[in-house]
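Read the structure below first, then the notes.
Counting from 1, the numbers follow the sequence of the chain as shown. Quantities reported herein were computed from a predicted structural model and do not represent experimental measurements.
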Amino acid sequence: MFDSVRDDIRATLEEIEQAGLHKPERVIGTPQSATVEVTAGGRPGEVLNFCANNYLGLADHPDVVAAAHAALDRWGYGMASVRFICGTQEVHKELEARLSSFLGQEDTILYSSCFDANGGVFETLLGAEDAVISDALNHASIIDGIRLSKARRFRYANRDMADLERQLKEAVEGGARRKLIVTDGVFSMDGYVAPLDEICDLAERYDAMVMVDDSHAVGFVGPGGRGTPELHGVMDRVDIITGTLGKALGGASGGYVAARAEIVALLRQRSRPYLFSNTLAPVIAAASLKVLDLLESAGDLRDRLRANTALFRSRMTEKGFDVLPGDHAIAPVMIGDAAVAGRMAELLLERGVYVIGFSYPVVPQGRARIRVQLSAAHSTEDVNRAVDAFVAARAALAG
C-alpha cells in the first residue's frame, strides 16, 4: 500500500530541501542551558545557546533538579492513567492551586501541553451559535483548536483594534450567543506584545470573553512575572489564560488553563485532550512547584534578562541588522530569504553560536528570520560574543 505514495512523499521532501525550508534536528549532549554541547547535526563541541525558550535559565537550576529527584522518590515516574480514573495526585492539585494564585484566576486545570490546552478549550465552550474572534498571528495550537469547534470564525489583523471592533460588530450582527476574543500574549515569531488593555475594553463593550495564550510571557513579563495581563493591569478582566510549563517555568513540558471557576469545571467534564490523555508526570508537577517558589524572588533574573535583551537589540541595531522593534527577549533578526537564513544559522553554529533559521510555513514567505532568544543565564560576554558572531557570519555570506 505504501509503495503507491512513497514517490510522492519523497518528491515533497525534495521540494522542501531545494526551497531551503528543511528543518534539521541538531542533537545536544548536555542539559539545556545557556551553553550546550552539540553532538550531531552541526559543529561538534560547546556552543552558546540562543534559541531555547529558557528565559530565566531555570531548565538546569540545581533547586529544580533536586525537586525533581525528590519527586521521583515520593510520587513515582508516571501515572499510567487519565485524571478522572486514577491519575490525580496531591501534587497535581497543589500545582493547580499555586498557578491559580500566581495568575490571579479562580481555578486551573493541567494538560500534557499547552497545545493540548488550546485544543481543548474552544470545542468545549463554543457551539455553532457562538463566535470566536482570533488574532491573525495566533499560535498554530489556537488555530487548530478553533478548527475543532463549530463556532463561527472571525480573524482580525495582528494587534489591529479597529479591525477587531469590525469583527466583533459582525459577530454581534450575526446573532452570536457567546463571543470569545483570543490572542497570544506575546507573538512568538515577532516578540510583539498584544494590547490586552484595549482588547479588554472592546470585549466589555461588546459583551465578549477574553482568552490569552501567555506561553512566552509568564514568569518574566510584568512586574511580578505574571505575564501580559499583569503588564497591562488587566488580570481581573481576562477570563481564560493558557500557558506552558515548558518555557520560562522550568522548560520541561505540560500546559494549563487558568480561568473562571465555571470554565475550568466544564473543561474537567468535557475537554477531550484532558479526558483522554495521561496525566502530567508528577515529577514535572513537583519541579514546577519549585519554579513557582523561585519566581517569588526572581526579580534579579528578570532584571538580568531585560539587560541582556536591551544589550543584544541595541548592539545588533548599531551593527546594521534588521531586528524587529520591541523589548521582549524574543529578538527576530530579519533575513528575508529562507535559504540565506538557513545558511547564516549554519555559519553562526560554526562560530560557536547556536540559533535557528525560521522560514515558511512557520513564518510568511519572504519573511525568513533568525529568532534569537535571550536568557537570564547569558552573561554580558555571551551576548557580545553572539553579536560578533553575527557580524562575522554576515561577512562570510557576503564573501
Quiz item: Once the angle between the rings of H139 and F115 is folded into 0 to 90°, is it parallel (under 30°), tilted (30 to 60°) or perpendicular (over 60°)?
Solution: perpendicular
Quiz item: Can you name the side chain to side chain contact (heavy atoms under 4.5 Å, CB included) partners of M235, sequence neighbours left out?
Solution: R226, P229, E230
Between [X] and [Y]: side-chain donor-acceptor atoms closer than 3.5 Å:
X	Y	value
Q373	R371	yes
S215	T244	no
S271	Y111	yes
N118	D213	yes
S379	D382	yes
Y192	H328	no

Quiz item: Yes or no on side-chain contact (heavy atoms from CB on, under 4.5 Å) for L324 and M334, after CA distance, side-chain angles and deciding distance?
Solution: CA-CA 7 Å; L324 290 185; M334 303 304 293; 3.7 Å; yes
Practice problem: Can you sort out the partners of Y256 under ring pair (Phe, Tyr, Trp, His ring centres under 6.0 Å), two or more places apart, ordered by chain and number? | Solution: none
Self-check item: Residue pair N53 / Q32, side-chain heavy-atom distance below 4.5 Å
Solution: no
Quiz prompt | Close side-chain approach of V132 and R152, heavy atoms under 4.5 Å | solution = no
Self-check item: Aromatic F321 / basic R394 pairing, under 6.0 angstrom, 45° off normal
Solution: yes
Quiz item: Is it the case that one hydrophobic cluster holds both L103 and V121, taking links as side-chain heavy atoms less than 4.5 Å apart, direct or via other members?
Solution: no
Exercise. Verify the cluster assignment for W75 and L280: are they in a single hydrophobic cluster under the rule of side-chain heavy atoms below 4.5 Å apart?
Key: yes
With a 4.0 Å cut-off on N to O distance, would you call [X] and [Y] a salt bridge?
X	Y	value
R343	E346	yes
R237	D201	yes
K290	D63	no
E123	R270	no

How long is the gap from [atom1] on [X] to [atom2] on [Y], to the nearest 0.5 Å?
X	Y	atom1	atom2	answer
Y206	L164	OH	CG	9.0 Å
S101	E106	OG	CD	13.0 Å
L95	T108	CG	OG1	8.0 Å

Quiz item: Just by modelled atom types, is the T228 backbone N or O under 3.5 Å from a matching donor or acceptor in the D214 side chain?
Solution: yes
